[in-house]
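One structure is given here, and the rest of the page talks about it.
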Amino acid sequence: MERSETQSGGADQMRTTEEIIGRADVNDLEAILSFIGHQEESGHHNVADQCEAEFTWDYEKGRLAKLDRLYEKAKTAQWNGQTDLPWETQVDQEAVVMANFATHPDQMGWTDAMLEGTSLEKWSDKEWLRFGVESQNWTLSQFMHGEQGALLCTAKIVETVPWIDAKYYAATQVVDEARHVEVFSRYLDEKLSGHYPLNGHLGLLLDDIIADSRWDMTYLGMQIMVEGLALAAFGFMHQLTQEPLLKQLLRYVMADEARHVAFGVLSLQELYSELSEPELRERQEFAFEAAVRMRDRLRSQEVWDRMEVPWNDVVTLMGRQDPNQDDFQIMLFSRIVPNLRKLGLLDAADGWLRQRFTEMGVIAFEHLSDSTEDEDAFADGSPVTRQVA
Ligand SMILES: [Fe+2]
Ligand SMILES: [Fe+2]
């Protein structure tokens, strides 16, 4: 793979934490909690994507054999969000939330000691139920908005990536992402009880990914970081829920996402082996920013806001929940860390990113298998694939 000119330059200055994420203390709770996502009144959000579209005159299909194989697989693994899912399923959202509470009582992660002295201490079952319902509406809304982010990013990759095999594959991902937005949106409209705007921190990250002019940053931000985390989060929800429509929907989406993450690793692998240390450090900083934003978004700021929980209580509660000790939050990085290792980003620049991930408590995942080894994961969940096999 040849390096594009857009990869070089501008990497000679290392930035401070404040310059990377906008605050000096990674764990500054008030800063994390006070940033709440709101939808623009216009109903639209615009970001200058600053990209240069690139034609290639090298049309030789299969020059990048692994990407070509992935493209061929993607064509046969398509499914139809309208006809391949059991939309006739009746969903009683409150019953689903109560069943989740019952099978995973620790799911909310709140012990009596954590609630002490806050208004949540006096919450009845009714309020906890509402909290569960709002949390589900919020989670699925974030999935939907994240999928739209993936749709826009992948369309950008079609334009900017220099290789024909990657343009072909990315075009299939555009269709996949459109379908994902479609099914999450329909599920929210027909089966749940409300929408939420895009979380503020996730919004900052999506804006930064789209605004970066370098095509490899789109991949790193979206395919490696956002989709890596999404795949783990979908897997967790797939395991948790007994609601058959959502379970099947997630299964199909995960089969697509496994290819998407593999696409990211396969595309960046060789390129990153040729970058200089300062260039790699810039990628490390971007991966770190993404990791922090995705962790910050898990505080579900918009739910507390809508539930009108007093600000002091939110700060107290969140102060008692340490993301470095939270198994669920740590598990979400299980796909990301081995992939960054495969790309050489953990240990470049004197192990700068390894150090950051050690501080975040997620480094232990580095030796799990990376996503090039499981691009076919969950593929038996697709009806089309089953018929072909
Ligand atoms: Fe997706
Ligand atoms: Fe995806």
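As the structure lists them, so they are numbered: ligands from 1, and atoms in each ligand from 1. Here the structure is a predicted model, which is why all the values come from computation and not from measurement.
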Subject >> Atom nearest to the Fe ion (ligand 2) - Glu177, N, O or S atoms considered >> reply: OE2
**OP:** Looking at His180, pick out the N, O or S atom nearest to the Fe ion (ligand 1) and give its name.
**Re:** ND1
**OP:** Give a yes/no answer: is there an N/O/S atom of Asp256 under 2.8 Å from the Fe ion (ligand 2)?
**Re:** no
**OP:** Only pairs at least two apart or in different chains count here, so list each salt bridge (charged side-chain N to carboxylate O under 4.0 Å, His left out) that has a residue in residues 19-41.
**Re:** Arg23-Asp296
Original post:
So, Glu257 and the Fe ion (ligand 1): N/O/S under 2.8 Å, yes or no?
Top reply: yes
Original post:
Are Arg63 and Asp58 ion-paired here, with the side-chain N under 4.0 Å from a carboxylate O?
Top reply: yes
Subject >> Heavy-atom pair of closest approach, residues Phe236 and Met331 >> reply: CD1-CE, 3.6 Å
**OP:** Indicate yes or no for a side-chain donor-acceptor contact from Lys61 to the backbone of Asp165 under 3.5 Å, with no hydrogens or angles considered.
**Re:** no
Original post:
Which pairs count as side-chain hydrogen bond (donor to acceptor under 3.5 Å, both in side chains) when at least one residue sits in residues 303-319, sequence neighbours excluded?
Top reply: Ser119-Asp313
**OP:** Look at His260 and state whether any of its N, O or S atoms is less than 2.8 Å from the Fe ion (ligand 1).
**Re:** no
Original post:
Relative to the Fe ion (ligand 1), which of the N, O or S atoms in Glu147 is the closest?
Top reply: OE1
Subject >> Name, closest N/O/S atom of Glu227 to the Fe ion (ligand 2) >> reply: OE2
Subject >> Ring centroid separation Phe333 to Phe365 under 6.0 Å >> reply: no
